[in-house]
Amino acid sequence: MPDAIRVRFAPAPTGYMHIGNLHTALFNWLFVRGQGGTMVLRIEDTDELRSTPEALGVIYDGLRWLGLDWDEGPDIGGPYAPYMQSERLAIYQGYAQKLRDLGLGYECFCTPEELEEQRQLMRARGIPPKYDGRCRNLTEADELRLRHEGREPCIRFRVRETGKTVINDIIQGEVIYENALIGDPVIAKTSGFPTYHLAVVVDDHLMQITHVIRAVEHLPNTQIHRQLQEALEIEPPQYAHLPLILGEDRTKLSKRHGAVAVTDYAEQGFLPEAMVNFLALLGWSPGSEEEILSREQILDKFSLSDCSRSPSVFDLGKAEWMNGQYINDADPEHLADLLLPLLQEEGLMAKDPGADRHQWLVMVAQLMQSRVKLLSTFSTWARYFFTDAFDYDNRARQQWLNDPETAPKLTALADRLATLDEWNAEALEQAVRGLAEELGVKAAQVIHPCRAAVTGTTIGPSLFHLMELLEQADVVGRLRRAAGLSAAGELKPTDEEESA
RNA sequence: GGCCCCAUAGUCUAGAGGCCUAGGACUCCGCUCUUUCAAGGCGGCAACACGGGUUCGAAUCCCGUUGGGGCUACCA
């Protein structure tokens, strides 16, 4: 009977959590929730200078947004608490001391400047830069002298100078590293904080992690981790190194790739289900041709060994398409719930709209859902549902509103609609088509100007259904307003490019 | 520079020696439906990086080249 599966997502609360981090979290989650196991959230805040509470908040928000839950973590505790590495300093110090007792850890008094100089020198000479081990065998006299100079030591780990380290990775297969090629890494900083290498190895062990699923950028580090585990007589976990998610320029995702922060995507109006679906298909495929997959379907089919080794570029366009699919398939009620706060923020919906108004919003959402890709575009594309304060776009001006024949048509239509007893799509259609017939023009010759006048744009859902959802007085008012402006020649095309 | 990984269209991918005349999806381009399209339907453009092997047969296996990426920090 194998040990219960335990995985961890272990982000550093520095900078901003991006889509690549979330991808790693998702794959951990899919693996552990599919198998039945425990998900641990551990915060690797051993970088005292760059860790921030804000970044920690972003991590929580991002995970919760996608519905990636965890069983143990800083916020909920657990049997291996604490889960913040900064609260585990004494533990790492103990292991660092153990390594020193073993003769495998030693104090190094080199300053960062000296080390940098060393690297430059080696590079200049065409030698691979690595720590040269100059503090490996310091005598007591050396040490005394160095301390007198006011130097504070860090602790390095004595790596093997010969042989190879073999890593058996679920995704990457067998990878072999030459031991002689790396220098002794720092495991405890001068500040007393551990470095990543010591902290992960110790915590993965102490927290009984069985599968380390992380981005492939950590693969080369794994040779250090394996040696550390050997030295400390720790049973290594299984490793699965995921391929990287790249930006459009094919390099590792970072701030300069624009909107990569998780919060940006949530703000833009990506649906979490869509993001989960999209991210799951980066570096993994169910092997079938379906692409729109529910969380359950993904959970059901996911396996680490099916993961790819080649990196993938995050294609925002396709992500948006997929989001559009999810919006289109969404229950309008649900959509309205998601939309409400966004609209309230823009002042387009009241703080407490009431049941009728809410039901109305559901109908608006339903009318628009097939053409919206992002929730955030809703408040611009559907603005005219909520307010008279919208602009007439260039196409509307060019094609209809600047036409001298338009104003009379709009006025006639306004007169007719003002007297309508019933305000519904059917009655509106009759009225519009009836007017067209009387004027001896095609229905389109009335419909298009009407749309332009009422919505300010040339595109949108069925005109009659759209007007049905507006107040009669508002529609009539808009028709008269546009007629007046048009007649006055104030709706000439602008020089600007059409805005999206 | 060194080490490691990767290599199917612009992008995400299917493909685990014959089923491949290389499939699907996004994008783009047509056509179509419609009062409009930014929706729907239909169709199209577009790829096995290159060179050597192995084999009756290679996108699939091996080697090399080229290209890309990652690591090479008292960051993780």
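Set against B:C74, B:C12, B:G2, the side chain of A:Pro112 has B:C74 as its closest nucleotide. Nearest to the side chain of A:Leu181, among B:U11, B:C3, B:C74, sits B:C3. With B:U35, B:A76, B:C6 as the candidates, the nucleotide lying closest to the side chain of A:Thr195 is B:A76. Proximity note for A:Pro129 (side chain, C-beta onward) versus B:G69, B:G1, B:U35: the nearest is B:G1. Ranking B:C74, B:C4, B:U13 by closeness to the A:Ser285 side chain, first place goes to B:U13. Side-chain atoms of A:Lys252 lie closest to B:C71 of the nucleotides B:C71, B:C37, B:C5. Ranking B:C12, B:A76, B:A7 by closeness to the A:His197 side chain, first place goes to B:A76. Side-chain atoms of A:Glu217 lie closest to B:C71 of the nucleotides B:U36, B:C5, B:C71. Here B:A39 is the nucleotide among B:G69, B:U35, B:A39 with the atom lying nearest to any side-chain atom of A:Lys373. Closest to the side chain of A:Glu289, out of B:A76, B:C74, B:G23, is B:G23.
The partner of B:A58 cannot be assigned: no Watson-Crick or G-U wobble pair with both contacts below 3.5 Å exists in any strand. Across all strands shown, B:C19 forms no Watson-Crick or G-U wobble pair with both distances under 3.5 Å. Checking B:G64 for Watson-Crick or G-U wobble geometry (two distances, each under 3.5 Å) identifies B:C50 as its partner. With a 3.5 Å ceiling on both atom-pair distances, B:C37 lacks any Watson-Crick or G-U wobble partner.
In this structure a side-chain-to-backbone donor-acceptor pair under 3.5 Å is missing from A:Glu468 to A:Trp423. A:Gln93 contributes a side-chain N or O that, together with a main-chain N or O of A:Gly192, makes up a donor-acceptor pair within less than 3.5 Å.
Other residues, nucleotides and ligands place no more than 12 heavy atoms under 6.0 Å from the CD atom of A:Glu437. Residue-environment remark: CD (A:Glu426) stays at or below the threshold of 12 foreign heavy atoms within 6.0 Å.
Nucleic acid contact for A:Arg156: sugar-phosphate only, since backbone atoms but no base atoms lie under 4.0 Å from a heavy atom of the residue. Base contact: A:Gly460 has a heavy atom under 4.0 Å from a base atom. Using a 4.0 Å heavy-atom distance criterion, A:Leu463 is classed as a base contact.
A donor N or O paired with an acceptor N or O is not found under 3.5 Å between the base of B:C6 and the side-chain atoms of A:Arg309. In this model, no side-chain donor or acceptor of A:Thr14 finds a partner on the base of B:C75 within 3.5 Å. In the interface, the side chain of A:Ser462 is paired with the base of B:U35 through a donor and an acceptor atom under 3.5 Å apart.
Spacing of P atoms, B:A9 relative to B:C48, comes out at 7 Å, to the nearest Å. Taking atom P on both B:G53 and B:A58, the two are 12 Å apart, rounded to the nearest angstrom. Spacing between B:G18 and B:C61 at atom C1', rounded to whole Å, works out to 15 Å. Of the C1' atoms belonging to B:C3 and B:A49, the separation is 23 Å, rounded to the nearest Å. Across B:U65 and B:U27, the matching P atoms stand 40 Å from one another, rounded to whole Å.
In this structure, CG of A:Asn221 is placed 18 Å from P of B:C3, rounded to the nearest angstrom.
A cation-pi arrangement is found for A:Arg156 relative to A:Tyr131, the charged atom lying closer than 6.0 Å to the ring centre and inside a 45° cone about the ring normal.
Applying the 4.0 Å criterion to OP1 and OP2 of B:G67, one finds that A:Arg250 has every side-chain N and O outside that range. Close to B:C75, at under 4.0 Å from its OP1 or OP2, lies a side-chain N or O of A:Lys189. An OP1 or OP2 oxygen of B:U13 is reached within less than 4.0 angstrom by a side-chain nitrogen or oxygen of A:Ser312. Put simply, A:Arg50 has no side-chain N or O that comes within less than 4.0 Å of OP1 or OP2 on B:A76. For A:Thr46 and B:A76, the shortest distance from a side-chain N or O to OP1 or OP2 is below 4.0 Å.
Relative ring orientation between A:Phe27 and A:His23 is described as tilted, the plane-to-plane angle lying within the 30° to 60° band.
Across the interface with RNA chain B, nearest-nucleotide mapping of A:Tyr131 and A:Ile176 shows A:Ile176 to be the residue nearer the 5′ end. Comparing A:Ile127 and A:Leu281, the nucleotide of RNA chain B nearest to each residue sits closer to the 5' end for A:Ile127.
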